[in-house]
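Read the numbers this way: they start at 1 and go in the same order the structure lists the ligands and their atoms. Here the structure is a predicted model, which means the values were calculated and not measured.
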Amino acid sequence: IEAHFSTISKESGEENGIIAVLHDVTEKERIEQERREFVANVSHELRTPLTSMKSYLEALSDGALHDPDIAPQFLNVTSDETDRMIRLVNDLLQLSRMDSREAQLEMGEIQAPQLVDHVVDRFEMSTKNQDIQFKRRIPEDDITVAGDRDKLTQLLDNIISNAVKYSPEGGTINVSLKPEKERVVISVKDEGVGIPKENIPHVFDRFYRVDKARSRNLGGTGLGLAIAREIAAAHGGNIWVSSDWGKGTTFSFSLPYAQQEAVVNQ
Ligand code: ADP
């Protein structure tokens, strides 16, 4: 609590009272603290790939450049690190736009089953060389939601790419769409490592990772779920997770129907 005092004086100059103004600064302090942590995290996340690139570039200029066995490998590493930084900066830009509400959603009427099918088709293609199965429970009915197609595609992308990253070989990923009374619920269930109970409340926080090294190795930025949560919230929906450590994880999000008639049609 922050307190400001002023005295009340009579015309004669004699003091006859005190006004105390009390401010609750805990909220201000919390926001400031979060901001500091965020900047520290961003700096750290950028420094890691930069430091690694610098040491590989130094090794190349110290002679590795002329070693045909090593040079291409070192160049690959620096290229991968650059990719990671680009991903990170893109994710940060996206978050900052959502924060400032600068990014107006381009709302349209979207056929939810079509959108989900489309994203799953794409993942089926891109994981063709991995031993991962997709199963769908997506109704063929018209189910219209109001939303921004690109943003919703990204939300689903972020969740499915995590499911792929954390799935074991031979794992199945179930994608389902359930029309409920007042909302559509889309779920992605994997058979991966799962998330320990104590970590679950934090997974949507920016830069939070259960296993930092593992996430980095898999190319993660630690921002995917934070972005997913912002997108769901901007659409008036929710996002949540349930997970059994060692057995698998289900991420779900909900979206409101486009209009009342859509609900009646269900
Ligand atoms: P990252 O880029 O690290 O994947 P995210 O914000 O997408 O960042 O996810 C945050 C963390 O949540 C991950 O580092 C991981 O520990 C955990 N996580 C997300 N999805 C899954 C999943 N399907 N199975 C297990 N853990 C997950």
Side-chain angles (χ1 to χ4, degrees), residues 34 37-38 40-42 44-49 52 80-99 116 119-120 123-124 126-127 130-136 151-176 185-234 237-253:
E34 272 181 11
E37 269 173 29
F38 183 68
N41 276 328
V42 171
H44 180 77
E45 295 295 331
L46 283 171
R47 197 177 53 188
T48 310
S52 146
D80 285 350
E81 296 290 11
T82 318
D83 285 343
R84 179 213 296 284
M85 285 204 296
I86 293 171
R87 265 202 310 275
L88 180 63
V89 171
N90 282 338
D91 281 359
L92 284 168
L93 274 174
Q94 165 103 34
L95 271 177
S96 121
R97 283 202 210 103
M98 311 260 326
D99 277 350
V116 177
V119 176
V120 178
F123 273 97
E124 259 176 349
S126 66
T127 57
Q130 283 164 271
D131 190 8
I132 286 178
Q133 287 272 325
F134 281 91
K135 283 205 180 131
R136 317 180 193 206
K151 294 272 183 321
L152 290 179
T153 302
Q154 189 181 2
L155 197 182
L156 200 51
D157 256 8
N158 289 4
I159 291 178
I160 299 183
S161 66
N162 278 344
V164 171
K165 277 197 284 189
Y166 297 101
S167 276
E169 243 177 78
T172 299
I173 297 174
N174 280 283
V175 182
S176 67
V185 174
I186 295 161
S187 300
V188 177
K189 178 171 182 274
D190 67 54
E191 300 174 336
V193 289
I195 303 171
K197 226 192 185 108
E198 65 271 24
N199 302 102
I200 286 185
H202 304 290
V203 289
F204 295 103
D205 294 349
R206 296 173 184 195
F207 294 117
Y208 189 84
R209 293 135 156 159
V210 177
D211 182 341
K212 272 206 155 61
R214 183 180 184 134
S215 155
R216 285 227 177 80
N217 286 341
L218 294 168
T221 62
L223 295 174
L225 289 177
I227 292 174
R229 180 173 61 179
E230 297 278 343
I231 296 175
N238 269 321
I239 185 163
W240 64 97
V241 55
S242 67
S243 184
D244 270 333
W245 177 231
K247 287 198 186 144
T249 305
T250 306
F251 277 94
S252 307
F253 64 95

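Judged purely by atom type and a 3.5 angstrom limit, S187 has no side-chain atom pairing as donor or acceptor with the backbone of S252. Counting only distance, with no hydrogens or angles, the side chain of N199 and the backbone of I195 share no donor-acceptor pair below 3.5 Å. With hydrogens and angles disregarded, a donor-acceptor distance shorter than 3.5 Å links the side chain of R87 to the backbone of G219. Of the possible donor and acceptor atoms, none in the side chain of R214 sits under 3.5 Å from a partner among the backbone N and O of R209. T153 contributes no side-chain N or O that, together with a main-chain N or O of V119, makes up a donor-acceptor pair within less than 3.5 Å.
For the residue pair F207 and L92, the shortest heavy atom distance occurs at CZ-CD2, 4.2 Å. Scanning all heavy atoms of the two residues, the minimum distance from E81 to P49 falls at OE1-CB, 3.4 Å. Considering all non-hydrogen atoms of both residues, Q94 and Q154 come closest at OE1-OE1, 3.0 Å.
Protein heavy atom closest to atom 26 (N) of ligand 1, with residue, atom name and distance, is I195 CG1, 3.4 Å. In this structure, atom 15 (C) of ligand 1 lies nearest to the protein heavy atom Y166 OH, 3.4 Å. Looking only at protein heavy atoms, the nearest one to atom 7 (O) of ligand 1 is N162 ND2, 2.9 Å.
Of the polar atoms of L225, at least one N or O is found under 3.5 Å from an N or O of ligand 1, judged by distance alone. For a threshold of 3.5 Å applied to N or O pairs, the pair formed by G224 and ligand 1 contains at least one separation below that value.
Contacts between V210 and ligand 1 below 4.0 angstrom, taking non-hydrogen atoms only, involve backbone and side chain alike. No part of N158 comes within 4.0 Å of ligand 1, judged by heavy-atom distances. Of all the heavy atoms of R214, none lies under 4.0 Å from any atom of ligand 1, so neither backbone nor side chain is involved.
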Got a list of side-chain donor-acceptor pairs under 3.5 Å for residues 161-176, not counting sequence neighbours?
from: S161; atom 1: OG; to: D157; atom 2: O; distance (Å): 3.0
from: S161; atom 1: OG; to: N158; atom 2: O; distance (Å): 3.2
from: S167; atom 1: OG; to: A163; atom 2: O; distance (Å): 2.7

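By the ring-ring contact (aromatic ring centres under 6.0 Å, His included) test, Y208 is found to be paired with H202, residues two or more places apart in sequence or in another chain being considered.
Of all the atoms in ligand 1, the ones that sit under 4.0 Å from a non-hydrogen atom of S215 are 1 (P), 3 (O), 14 (O). Residue contact check: G222 has heavy atoms under 4.0 Å from atoms 1 (P), 2 (O), 3 (O), 6 (O), 8 (O) of ligand 1. Residue-ligand proximity, Y208 to ligand 1, at heavy-atom distances under 4.0 Å covers atoms 10 (C), 11 (C). Close contacts of ligand 1 with T221, meaning ligand atoms under 4.0 Å from a residue heavy atom, involve 2 (O). Which parts of ligand 1 touch K165 is read off a 4.0 Å heavy-atom cut-off, strictly below it: atoms 1 (P), 2 (O), 4 (O). Residue contact check: D190 has heavy atoms under 4.0 Å from atoms 22 (C), 23 (N), 24 (N) of ligand 1. Heavy-atom proximity to G194, at under 4.0 Å, picks out these atoms of ligand 1: 25 (C).
The local environment of CD in Q133 is sparse, with at most 12 non-hydrogen atoms from other residues, nucleotides or ligands closer than 6.0 Å.
Assignment of F204 to the shell around ligand 1 is not supported, since no heavy atom sits closer than 4.0 Å.
The nearest non-hydrogen atom to atom 12 (O) of ligand 1, considering only N199, L88, V193, V203, comes from V203.
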